[in-house]
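So the structure is just underneath, and the comments pick up after that.
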Amino acid sequence: QVHLVESGGGLVQPGGSLRLSCAASGNISDILVMGWFYHAPGKQRDVVALTAKNGNTNYGSSVKGRFTITRDDAKNTVSLQMNNLEPEDTAVYYCHAVIQTTLRPQGADSFWGQGTQVTVSS
């Protein structure tokens, strides 16, 4: 199967920065989309940033200009540089990928990481 492993969460003061990373491993044929969602208390899970194989990127409206997503296809990794963090960014951040696996190369399946906590507080 496929596993997504996140790293880089933690506690940071408002205005600070954090970098999240996610590595995909397993029976991977091709990664079509890779990125991040967040789930804040009392809210629905929402997109932070996604990047497609063709290079297209999509950012949630609240993070545009502050967060940057990058992808390394050779390593099957995606990173999220988060700058000028705000208390409203506090959430569990989940890595997400849409992957064609070697077991089902004609289709595409959705995979999620376990999540990493980001807390922005003074």
Side-chain angles (χ1 to χ4, degrees):
Q1 239 339 336
V2 172
H3 298 281
L4 302 180
V5 178
E6 302 119 331
S7 61
L11 172 65
V12 64
Q13 293 185 344
S17 298
L18 279 176
R19 185 176 181 87
L20 304 182
S21 295
C22 174
S25 63
N27 300 320
I28 297 170
S29 177
D30 200 6
I31 300 179
L32 304 181
V33 178
M34 206 168 185
W36 299 88
F37 284 71
Y38 57 1
H39 192 180
K43 298 183 179 180
Q44 292 185 331
R45 188 177 295 193
D46 202 359
V47 63
V48 180
L50 296 171
T51 178
K53 182 181 179 182
N54 62 7
N56 288 342
T57 60
N58 179 42
Y59 290 94
S61 58
S62 65
V63 307
K64 283 181 180 178
R66 299 188 297 123
F67 292 9
T68 302
I69 188 169
T70 56
R71 172 174 169 164
D72 186 335
D73 288 332
K75 298 180 179 179
N76 290 339
T77 60
V78 66
S79 296
L80 184 70
Q81 179 64 41
M82 305 186 292
N83 297 329
N84 195 20
L85 282 158
E86 303 169 351
E88 293 74 21
D89 297 319
T90 295
V92 178
Y93 284 69
Y94 294 91
C95 181
H96 174 255
V98 178
I99 295 174
Q100 289 180 325
T101 69
T102 56
L103 300 178
R104 204 170 76 89
Q106 301 304 315
D109 296 302
S110 179
F111 296 92
W112 294 89
Q114 293 296 310
T116 185
Q117 178 70 46
V118 171
T119 302
V120 185
S121 175
S122 55

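By convention here, the first residue in the shown sequence is residue 1. Any value given below was found using the heavy atoms of this structure, including those in side chains, with hydrogens, waters and symmetry copies removed.
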Subject >> Pairwise distance CZ(F67) to CE(M82) - rounded to 0.5 angstrom >> reply: 5.5 Å
**OP:** Compare all side-chain heavy atoms of I28 with those of T102 and state whether any distance is below 4.5 angstrom.
**Re:** no
Original post:
Between CZ of R66 and OG of S17, what distance do you get to the nearest 0.5 Å?
Top reply: 10.5 Å
Original post:
Taking only residues at least two apart or on different chains, which pairs with a member in residues 29-90 satisfy disulfide (SG to SG under 2.5 Å)?
Top reply: none
Subject >> Straight-line distance of S121 OG to L11 CG, nearest 0.5 Å >> reply: 6.5 Å
Subject >> Polar side chain donor-acceptor pair, N27 to T101, under 3.5 angstrom >> reply: no
Original post:
Tell me, do T70 and R19 make a side-chain contact under 4.5 Å, heavy atoms counted?
Top reply: yes
**OP:** State yes or no: do L4 and V98 share one hydrophobic cluster built from I, L, V, M, F, W and Y residues joined by side-chain heavy-atom distances below 4.5 Å, directly or via other members?
**Re:** no
Subject >> Greater than 12 external heavy atoms within 6.0 Å of Q114's CD >> reply: no
Original post:
With the 4.5 Å side-chain cut-off for hydrophobic clustering, are L20 and F111 part of the same group?
Top reply: yes
Original post:
Applying the 4.5 Å side-chain criterion to the ILVMFWY set and letting contacts propagate, would L85 and Y94 be lumped into a single cluster?
Top reply: no
Original post:
With distance as the sole test, does Y93 use its side chain to make a donor-acceptor pair with the main-chain N or O of L80 at under 3.5 Å?
Top reply: no
**OP:** Could you tell me whether the side chain of E6 and the main chain of G115 form a donor-acceptor pair under 3.5 Å?
**Re:** yes
Original post:
Strictly by modelled atom types, are N83 and Q81 linked by a side-chain donor-acceptor pair under 3.5 Å?
Top reply: yes
Original post:
Measuring from I99:CD1 to D109:CG, what's the distance to the nearest 0.5 Å?
Top reply: 8.5 Å
Original post:
Which heavy atom in G8 sits nearest to a heavy atom in L18, and how many Å separate them?
Top reply: O-CD2, 3.9 Å
Original post:
Heavy atoms, side chains only, cut-off 4.5 Å: are T51 and N56 in contact?
Top reply: no
**OP:** Could you please spell out the steps behind the side-chain contact (heavy atoms from CB on, under 4.5 Å) verdict for V78 and C95?
**Re:** CA-CA 8 Å; V78 66; C95 181; 4.1 Å; yes
Between side-chain atoms of residues 35-50 and protein atoms elsewhere (two or more places apart, or another chain), which donor-acceptor pairs fall under 3.5 Å?
unit_1: Y38; atom_1: OH; unit_2: S62; atom_2: OG; d: 2.8
unit_1: H39; atom_1: NE2; unit_2: K43; atom_2: O; d: 2.8

**OP:** Measure the shortest side-chain to side-chain distance between Q117 and T90 over non-hydrogen atoms and say whether it is less than 4.5 angstrom.
**Re:** yes
Original post:
With distance as the sole test, does T116 use its side chain to make a donor-acceptor pair with the main-chain N or O of S7 at under 3.5 Å?
Top reply: no
**OP:** Indicate yes or no: does K53 engage D73 in a salt bridge with an N to O separation below 4.0 Å.
**Re:** no
